[in-house]
Participant: 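The structure follows.
In what follows, chains carry the letters A, B, and so on, assigned in the order in which the sequence lines appear, proteins first and then strands, with residues in each chain numbered from 1.
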2 protein chains.
Amino acid sequence: MLTIGKLGDAAGVKVPTIRYYEQIGLLPEAERSAGNQRLYSRKALERLAFIRHARSLGFTLEAIRDLLSLSDRPDQSCAAADAIARAQLAEVESRLARLTALKAELERMVVQCAGGKIADCRVIEVLGDHAHCATDHCHPHADHLE
Amino acid sequence: MLTIGKLGDAAGVKVPTIRYYEQIGLLPEAERSAGNQRLYSRKALERLAFIRHARSLGFTLEAIRDLLSLSDRPDQSCAAADAIARAQLAEVESRLARLTALKAELERMVVQCAGGKIADCRVIEVLGDHAHCATDHCHPHADHLE
DNA sequence: CCTAAGTTCTCTAGCAACTAGAGCTTCAAG
DNA sequence: CTTGAAGCTCTAGTTGCTAGAGAACTTAGG
C-alpha cells in the first residue's frame with residue numbers, strides 16, 4: 001500500500017491532483033489508514049498512470065472517464081474506445097493545422113523589426129490591420145484556443 | 001458611435017467578452033448614452049480589432065496588454081514588441097513540436113482496432129502502459145496542455 | 001518517551017479567458 | 001404605443017488543476 005505522496009511520485013502526478021481526481025470521481029475513494037490517510041494499491045497506481053498518460057496525450061478528463069469505464073468492461077467491443085481516440089486525433093490534427101498557420105503569420109510579422117520605432121513596427125501594424133492577415137483564422141470564428 | 005452589439009459584430013467579438021475586457025481594464029471604460037448604454041468610437045473598434053487579432057494569434061491577454069501599452073507610445077523602440085512576438089512564435093513552435101509527437105502516437109494507437117473486444121484494444125492497452133510510448137512526453141513534465 | 005520535521009488531512013480560493021443565466025431597463029420599429 | 005430585441009448589472013459556472021491555511025498524523029533521532 002502506498003501513501004498519496006509515493007503514489008504521486010510513482011505515477012508522475014502531484015498530490016493535490018490525485019485528491020482532485022478522487023473528488024471528481026475519476027479515481028474511486030481511497031482506502032484510509034487508521035489515521036485517515038489515503039492508501040493506494042497497485043491497481044490504483046495503474047489507473048492513475050492510465051489517466052496521466054491519456055492526459056499527456058491531450059484527452060480531456062471527460063474522454064478519460066469514458067475510456068476508463070470502457071476498460072472496466074473488457075468483453076465489450078472496442079469501437080467506442082477507438083472512436084474516442086480517433087476524435088482526439090482529429091482534434092490534434094486540426095490544432096496542428098491552425099498552429100501551422102499561426103506560425104507562418106508570426107514569422108512574417110517578426111521578420112523585420114530592426115530597431116525601428118513603434119510607429120513603424122510590423123508587429124503592431126500587422127496586429128492592428130486584418131488586411132495583412134493571409135490566413136482566414138481571423139474571421140469566421142477563431143476557436144483554436146479552446 | 002456604436003452600441004456594444006454593433007461593435008461586437010464589427011470586430012467579431014461577443015458582447016459579454018467586450019464587457020469582460022472592459023472589466024479587466026483591457027479596454028477603457030466606454031462612454032455612456034443618456035440611458036446608460038455603452039457607446040464606442042472608431043478608435044475603440046480599432047483597439048478591439050487589435051485585441052481580437054492578437055488573441056486569434058494566441059497571444060495571452062497579458063501579452064496583449066503589453067502590446068497595447070507599447071502601441072500607445074509610437075516614439076519608443078519596437079524592440080519590446082518584437083520580443084513579445086518572438087516569444088509567442090517560440091511558444092507556437094514548441095506547441096507544434098509537441099502536437100506533432102502526439103499526433104504520431106495517436107495514429108499508432110488508432111491504426112488497428114478492427115472491431116475487436118476491449119480486452120485486445122490497442123487504445124486502452126497503449127494508454128495503460130507507458131512502455132508503449134515512443135516519445136518522451138510522458139515523463140519529465142508534460143506541460144503541453146497549458 | 002519525546003520532540004521536530006515531514007506528510008497528510010480538509011477546506012477555501014485562485015488562475016485564464018471567457019460563457020451563461022437571472023432579472024431588470026432602454027431603445028427602435030411598426 | 002406597444003412589443004420585442006438589445007442593453008444593463010450581477011453572480012456563478014467552465015476546465016484542470018494549483019496554492020494556501022491550519023490541523024492532525026507519522027516517522028526518525030536523541
Participant: Taking DNA chain D as the partner, which of residues 20-31 of chain A come within under 4.0 angstrom of it by heavy atom?
Facilitator: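 By residue number: Tyr20(A), Tyr21(A).
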
Participant: Not counting sequence neighbours, which residues clear side chain to side chain contact (heavy atoms under 4.5 Å, CB included) with Ser33(A)? List them please.
Facilitator: Gln37(A), Leu39(A)

Participant: Out of dC8(D), dT18(D), dT19(C), which has the shortest distance to the side chain of Thr17(B)?
Facilitator: dT19(C)

Participant: Closer than 4.0 Å, any side-chain N/O of Arg32(A) to the OP1 or OP2 of dT10(C)?
Facilitator: yes

Participant: Mind checking side-chain hydrogen bond (donor to acceptor under 3.5 Å, both in side chains) for Thr100(B) and listing every partner two or more places apart, or none if nothing turns up?
Facilitator: none

Participant: OP1, OP2 of dC17(D) versus side-chain N and O of Lys14(A): anything below 4.0 Å?
Facilitator: no

Participant: Which residue pairs pass the salt bridge (charged side-chain N to carboxylate O under 4.0 Å, His left out) test when at least one of the two sits in residues 34-45 of chain B, sequence neighbours left out?
Facilitator: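 Passing the test, one end in residues 34-45 of chain B: Glu22(B)-Arg38(B).
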
Participant: Find which nucleotide of DNA chain C each of Thr60(B) and Thr3(B) is nearest to by heavy atoms, and output the residue with the more 5' nucleotide.
Facilitator: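 Per heavy-atom nearest nucleotide, the more 5' residue is Thr60(B).
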
Participant: Can you check nucleotides 20-26 of chain D for protein contacts, nitrogen or oxygen pairs under 3.5 Å, and list what you find?
Facilitator:
unit_1: dT26(D); atom_1: OP1; unit_2: Gly35(A); atom_2: N; d: 3.1

Participant: What pairs meet the side-chain hydrogen bond (donor to acceptor under 3.5 Å, both in side chains) rule with one or both residues in residues 61-72 of chain B, with sequence neighbours excluded?
Facilitator: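 Qualifying pairs, neighbours excluded: Glu62(B)-Arg65(B).
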
Participant: Using side chain to side chain contact (heavy atoms under 4.5 Å, CB included) as the criterion, list what pairs up with Ala80(A), not counting sequence neighbours.
Facilitator: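 If we apply the side chain to side chain contact (heavy atoms under 4.5 Å, CB included) test to Ala80(A), skipping adjacent residues, the hits are Leu70(A).
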
Participant: Pick base, sugar-phosphate or nothing for Arg38(A), based on heavy-atom distances below 4.0 Å to the nucleic acid.
Facilitator: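 Since only primed, P, OP1 and OP2 atoms lie under 4.0 Å of Arg38(A), the category is sugar-phosphate.
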
Participant: Given that Leu39(B) and Leu61(A) both sit by DNA chain D, which one's nearest nucleotide is further toward the 5' end?
Facilitator: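 Its nearest nucleotide being more 5', the pick is Leu39(B).
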
